[in-house]
Amino acid sequence: MNPYHIQNLEHYFQVYRHSVDAPEEFWQQIARENFVWQKPWDTILNWNPDTAEVRWFEGAQLNITENCLDRHLETRADKTAILFEPNNPKDPATHITYRELHTRVCKFANVLKAKGIKKGDRVCIYLPMIPELAISVLACARIGAIHSVVFAGFSATALSTRINDAKCSMVITSDGSFRGSKTIDLKGIVDEALQDTPSIENVLVVKRIQSEIQMKEGRDYWVQPLVEQASADCPIEVMDAEDPLFILYTSGSTGTPKGMVHTTAGYMVYSSYTFKNVFQYKEEDVYWCTADIGWITGHSYIVYGPLANGATTVMYEGVPSYPDWGRFWEIVQKHKITQFYTAPTAIRALAKENLEFVETYDLSSLKVLGTVGEPINEEAWHWYNDNIGKKRSPIVDTWWQTETGGIMISPIPFATPTIPTFATLPLPGIQPALMDEHGKEIEGNQVDGRLCIKFPWPSMARTIWGNHQRYIDTYFSAFAKKYFTGDGAFRDATGYYRITGRVDDVIIVSGHNLGTAPIEDAINEHPAVAESAIVGFPHDIKGNALYGYVILKETGETRNHDNLRKEINQVITEKIGPIAKLDKIQFTIGLPKTRSGKIMRRILRKIAHGESDQLGDISTLLNPEVVEAVIQEAL
Ligand code: PRX
């Protein structure tokens, strides 16, 4: 049976076993039989665990857009590749066929070339969820430029940090974006970001909201007239397997955001393989992932994975609540969506609303439901299963990360029996291990541990842009020769995995990965703040929300504290973006610290959770007396 398309549970076990016994042979077969190559590889895998250097399919040459576009022109030219659903339900949806997408990507790629972009240059893309976002991503890939997509909800400071880290020479943006009933001035944010980004030479601007914006002579250009004049003939740039395809930033527990580098061949093979199997994609399906292309989910499962499989992939510009909370289901009915992939935070928000928003629509086209980004709680799982899937559509709880490039642990629909809150079994090629705090692997079942991956897989991030040592320190130093995910997991009696959450200082808020350090740095920039510490606490819809403990410079601070709370959130919005705003701020006289001066977040977390009676032994702290004060303030 074909390993590229898993048919049932027995087939899964058979394929999985082969992928562990002979990983190189396994991936070689997948790569050879399902993609087009300009030149085959010389070696399948080169792996040096000591230096954390991984190379897949070395010697091979290819272009991912040939696999996502050109090769479909013979058989699927008139099939819809991208189905664009605009923010306003009164505006018509747009069907972009494979032929049209190919033409638009080629023209866009020629515009990039005409502006001097060449192989290896970094291009920052800061666009809303409009077709030009996918097109510019593919246009970069076509000519070998490395795209760095920055989610268009990030602030000017966050944008400029990312531009400077990757030394991008161009930004692609729009005059603005629609988000529900609001419009957002993206170009204004870009202009602010570009005040301090010496590497930027040009800005391409897509017209979307027809707003008046400033265009800087000699730097800023409207895209549309350039595209109209551009040739539709753009041969692929032939890429080496390990040439970088993109950089995508993710927050760490400390320091600046990490520019995760994904390379061409392995990423293509794995995102495509997992798309096919996790969504059991069939030729006539209409697949919709509600993520933004600014996140890895959008890269792998809106753009590359679906297009490599010749799928129809939906791009939705708006939000779940506009014009009302029935919008998602209206879209499912209208386009007869077959696979629907979203985040637990969206499910929880939708579940809070009246069920009429669901019942008005015909959801019978749905076959597979997916979730990603954070642990899904049992209640949300059942709501999704009962009301959206009508207990007919399997739910795939997909665990993975920006760093992993593709889904790692997930049920295969119609094969793996699902259990609420369990991501279930590793996909073929993925070898998880649970480790104890002494660095020993925990064998057997019914065990909890730190989740590592023992063997390389094709789409793992290869490095952190410009800082390989940080890559080694973050992912390959906690446990010898293993990739450490930063997550904890439980393995049940049958070998199913349940992800229990982060074991480091990353907090997942509404499915967004937020490091505590950058938020604390932002807060500390407020002139009235001396020190701060952030922890997560449970939130009905967001999963986790942020709780900030803030020490003011002057305890006699006379300003109204509520104003100060607003100002602190304002600084966070400016430095990072509104997603990192704090839900609760407690002004405190001190923070519990270890004798080495480390903030004891465990204690702060307990207090924020309302569990101050379960603090355990605090006598070894540097300042145990502070704890009682912090508890009293919280009450
Ligand atoms: O903690 C895990 C959580 O999200 C983290 C990765 O975040 P990010 O790089 O932003 O990628 C999100 C989209 C792939 C993981 O370390 N996470 C992701 N999916 C799940 C999850 N936690 C539990 N269950 C999941 N299905």
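Atoms within each ligand, like the ligands themselves, are counted from 1 in listed order. A quick note: this is a predicted structure, and the numbers were derived from the prediction, not measured.
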Out of all atoms in ligand 1, which are within 4.0 Å of some heavy atom of [X]? Include the element for each.
X      : value
Val372 : 13 (C), 14 (C)
Thr398 : 19 (N), 20 (C), 25 (C), 26 (N)
Asp397 : 24 (N), 25 (C), 26 (N)
Asp487 : 1 (O), 2 (C), 15 (C), 16 (O)
Trp400 : 6 (C), 14 (C), 15 (C), 18 (C), 19 (N)

Looking only at protein heavy atoms, which one is nearest to [atom], and how far off is it?
atom                    : value
atom 8 (P) of ligand 1  : Asn513 ND2, 3.3 Å
atom 13 (C) of ligand 1 : Thr297 OG1, 3.4 Å
atom 11 (O) of ligand 1 : Thr402 N, 3.6 Å
atom 12 (C) of ligand 1 : Gly373 CA, 4.2 Å
atom 25 (C) of ligand 1 : Glu374 O, 3.5 Å
atom 23 (C) of ligand 1 : Pro375 N, 3.1 Å

For this output row, return yes or no: ring centroids of Phe57 and Trp27 closer than 6.0 angstrom.
->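 No; Trp27 has its ring centre 6.0 Å or more from that of Phe57.
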
Would you say the side chain of Trp381 lies within less than 4.5 Å of the side chain of Phe422, judging by non-hydrogen atoms?
->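 Heavy-atom side-chain distance check fails, nothing below 4.5 Å.
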
Can you check whether Cys124 reaches Val150 side chain to side chain, under 4.5 Å on heavy atoms?
->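 Side chain of Cys124 against side chain of Val150, heavy atoms only: contact under 4.5 Å found.
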
Arg327 with Glu85: basic N within carboxylate O range, under 4.0 Å |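 Yes.
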
Got a salt bridge between Asp505 and Arg601, using NZ or NE/NH1/NH2 to carboxylate O under 4.0 Å?
->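 Yes.
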
Where on Arg502 is there a heavy atom closer than 4.0 Å to ligand 1, on the side chain, on the backbone, on both, or on neither?
->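 Only the side chain of Arg502 comes within reach of ligand 1.
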
Ligand 1 versus Ile508: contacting region, heavy-atom distance under 4.0 Å =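 It is the side chain that gets close, since no backbone atom is under 4.0 Å.
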
side-chain hydrogen bond (donor to acceptor under 3.5 Å, both in side chains) pairs, two or more places apart, involving residues 405-432 |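 Found Thr421-Arg498.
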
Between Thr342 and Thr290: side-chain donor-acceptor atoms closer than 3.5 Å |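 Yes, side-chain donor-acceptor contact under 3.5 Å.
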
State, without any angle test, whether Tyr301 and Thr313 hold a side-chain donor-acceptor pair at a distance under 3.5 Å.
->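 Thr313 and Tyr301 do not have a side-chain donor-acceptor pair below 3.5 Å.
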
